[in-house]
2 protein chains.
Amino acid sequence: MTNSNRKSKTIKPENSAPRKRLGARSREQQIIDESISFFAEKGFTGKTRELASRLGFTQPLLYRYFHTKQDLIDRVFEEVYLNRIKPDWIVQLQDRSRPLEERLCEFYTVYSQATYRYEWIRIYMFSALMGEKLNQRYIKLIENEILTPICLELRDYYRLPDCEPVSQVELDHVWVTHGGLFYYAVRKHIYHSRVGNDFSAIVSRAISTMLAGSKTIFSDQFDDA
Amino acid sequence: MTNSNRKSKTIKPENSAPRKRLGARSREQQIIDESISFFAEKGFTGKTRELASRLGFTQPLLYRYFHTKQDLIDRVFEEVYLNRIKPDWIVQLQDRSRPLEERLCEFYTVYSQATYRYEWIRIYMFSALMGEKLNQRYIKLIENEILTPICLELRDYYRLPDCEPVSQVELDHVWVTHGGLFYYAVRKHIYHSRVGNDFSAIVSRAISTMLAGSKTIFSDQFDDA
DNA sequence: TTGTCTATTTATCATCTGATAAACTAAGCC
DNA sequence: GGCTTAGTTTATCAGATGATAAATAGACAA
């Protein structure tokens, strides 16, 4: 009865491909690549059999390359979170020989190209909802390596003193713009919503608005100092 | 063997509560309430046995009130998406006898109180990742009932003509602020991140910035008209 | 008290799903 | 060819999970 609907044992001559046999290295990378795409679409409750089916082989083969499903998921996390932010971006961001508006637009262009992708955005959100610690570490990284430097550049832009540490108020304020731009990717890849197709123009307008309108917010930080 | 770890059959005198017996109505509402909290935390792959355990009764009882798990999830969706946006908010938003800045701040205060909650934000994001159609309908509702009116108020604010329909550029621009504020709730409830505790002040600064800095963005819409 | 109704539990099923062991087979080497 | 190595499949397990049927028991009425 279990065998009644299995007829593939001996009858497989019409299958054009005899059977691919990949080396361990390339097979492993192939699995990781497809897993990113697969888990991005289905979430981490996606079934191993369906993943294997997409890869064109049977489910137990996955366990030759990854001891458990969680091991595979961890590798996917690594791939998603690791080396996303290039240190050079922050260096460029702080190059005061160029206009801040230009630097910010350029930064968000390269940053968005690296992260505002279907796979990245969705895996990022899935893992955050799961309470993954990597996500929280990543947020701290963004605050320390990106938003805090931006706050300091804004102080310089508004010709304000730069003695005190960046406050939560300043941080929250740049988070609004940062989050607003990130939310473009959420609308596109998670909500599957219709969005404007010229993202660099959206960035340009958002940055221009923030610079033109935030002076008093940053100034107020030093009123009673 | 199956029975070896079951000792609750006859021995249950020490359990203080003998056994609650609720009416159908109140039990059903109790299940929905707890389900919202449960699925918000675990996602919709949360197990029915764990949900029942939280409710203090056994798993099959769920199936007396909801025919399938999906039925229960659908009820949770309804509860989350239904009647979130009160028509009066939009009426107030368009009351030009009051300053726009004041109206926008007030709107985002009531709007955030209704939606920027742990349960709501998480269920919203889980369902969006699942590709729920209700989510896409909700986004359209926001665009039509909230963001488009805001764009029209901004045109009035900048004393621009109000003849053409609201463009995608205008919409995308107010989406940045709207999304930036929404992202505050994402950081708080999904990333479990440290956020400023005075959200109304954050709203106030974001609105003030947008109004002070967006004039050229909206004006440019009518340059070549 | 007794009886009826229905809320709740116990027992159980069928299927799914992650994981393992063993059989199979393609590829390289002698 | 025959041998060895390693990539792949087949068969299968054990536990989890949504769902159902039947047994149990609290509440209320006569």
Side-chain angles (χ1 to χ4, degrees), chain A residues 1-13 15-32 34-35 38-39 42-76, chain B residues 1-13 15-32 34-35 38-39 42-76:
Chain A
M1 186 157 166
T2 314
N3 218 28
S4 66
N5 47 4
R6 285 184 187 286
K7 50 182 171 181
S8 61
K9 183 152 190 178
T10 48
I11 310 164
K12 213 200 292 184
N15 204 338
S16 58
R19 188 193 278 177
K20 287 195 218 171
R21 230 172 148 131
L22 254 62
R25 268 298 159 79
S26 43
R27 186 61 97 188
E28 182 176 331
Q29 192 57 49
Q30 182 206 26
I31 293 175
I32 293 172
E34 186 65 35
S35 296
F38 177 73
F39 289 128
K42 303 281 182 176
F44 297 106
T45 51
K47 329 294 181 192
T48 53
R49 276 172 182 78
E50 191 180 345
L51 171 59
S53 163
R54 281 204 194 188
L55 281 155
F57 54 70
T58 56
Q59 179 245 11
L61 187 56
L62 287 172
Y63 290 86
R64 183 175 182 85
Y65 297 94
F66 299 92
H67 192 245
T68 65
K69 184 185 177 185
Q70 190 56 48
D71 282 356
L72 176 55
I73 291 173
D74 289 344
R75 282 299 302 275
V76 169
Chain B
M1 185 154 163
T2 315
N3 218 27
S4 66
N5 47 5
R6 285 187 187 281
K7 49 182 171 180
S8 60
K9 182 155 190 177
T10 48
I11 310 166
K12 212 200 295 182
N15 205 336
S16 58
R19 189 196 277 176
K20 286 195 219 171
R21 228 178 147 125
L22 255 61
R25 270 296 159 80
S26 43
R27 185 62 97 191
E28 183 176 331
Q29 192 57 51
Q30 183 206 25
I31 293 174
I32 293 171
E34 187 64 36
S35 295
F38 177 73
F39 289 127
K42 303 280 182 177
F44 296 106
T45 51
K47 330 294 180 189
T48 53
R49 278 173 181 77
E50 191 181 344
L51 170 59
S53 162
R54 281 203 195 189
L55 282 156
F57 54 71
T58 55
Q59 180 244 9
L61 187 56
L62 287 172
Y63 290 86
R64 183 173 183 85
Y65 297 93
F66 299 91
H67 193 244
T68 65
K69 184 185 178 185
Q70 190 57 48
D71 281 355
L72 176 56
I73 291 173
D74 288 345
R75 281 300 302 273
V76 169

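What you see is a predicted model, and the numbers here were worked out from it, not measured in a lab. Letters go in sequence order (proteins before strands), and every chain restarts at 1.
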Point to revise | Phosphate OP1/OP2 of D:dT8: any A:Thr58 side-chain N/O under 4.0 Å | key: no
Point to revise | Interatomic distance where CZ belongs to A:Arg25 and P belongs to D:dG7 [whole Å] | key: 12 Å
Check your understanding: For B:Leu61 and D:dA21, what is the distance between atoms CG and C1' respectively, to the nearest whole Å?
Key -> 15 Å
Point to revise | For B:Thr68, side-chain contact (heavy atoms from CB on, under 4.5 Å) partners two or more places apart | key: B:Gln70, B:Asp71
Practice item. Round to a whole Å and report the spacing from CZ of B:Arg27 to P of D:dG26. Key: 14 Å
Point to revise | Set of residues satisfying side-chain contact (heavy atoms from CB on, under 4.5 Å) with respect to A:Arg54, sequence neighbours excluded | key: A:Glu34, A:Ser37, A:Phe38, A:Glu41, A:Lys42
Point to revise | ring pair (Phe, Tyr, Trp, His ring centres under 6.0 Å) partners of A:Phe44, counting only residues at least two apart | key: A:Phe39, A:Phe77
Exercise for review: Give the rounded distance in Å between these two atoms: CG of A:Leu51 and P of C:dA19.
Suggested key: 12 Å
Exercise for review: May I ask you to list the residues of residues 62-75 of chain B, by number, that have any heavy atom positioned under 4.0 Å from an atom of DNA chain C?
Suggested key: B:Arg64, B:Tyr65
Revision key, fill the gap. Separation of C:dT15 atom P from A:Arg49 atom CZ, nearest Å, is 15 Å
Check your understanding: Any side-chain N or O of B:Thr48 less than 4.0 Å from the OP1 or OP2 oxygen of D:dT17?
Key -> no
Review point. Which whole-number value in Å describes the distance from A:Phe57 CZ to C:dA26 P?
Key: 18 Å
Acceptor/donor pairs from residues 55-65 of chain A side chains to any protein atom, 3.5 angstrom cut, sequence neighbours excluded:
residue: A:Gln59; atom: NE2; partner: A:Thr48; partner atom: OG1; Å: 3.2

**Study point:** Distance, rounded to the nearest Å, where A:Gln59 contributes CD and D:dT12 contributes P
**Key:** 15 Å
Study note, to complete from the structure: Atom CD1 of A:Ile31 and atom P of D:dG7 are separated, to the nearest Å, by 11 Å
**Study point:** Results of side-chain contact (heavy atoms from CB on, under 4.5 Å) for A:Gln29 - residues two or more places apart only
**Key:** A:Ile32, A:Asp33, A:Glu79
Exercise for review: Look up atom CZ in A:Arg27 and atom CD in A:Gln30, then write down how far apart they are to the nearest 0.5 Å.
Suggested key: 4.5 Å
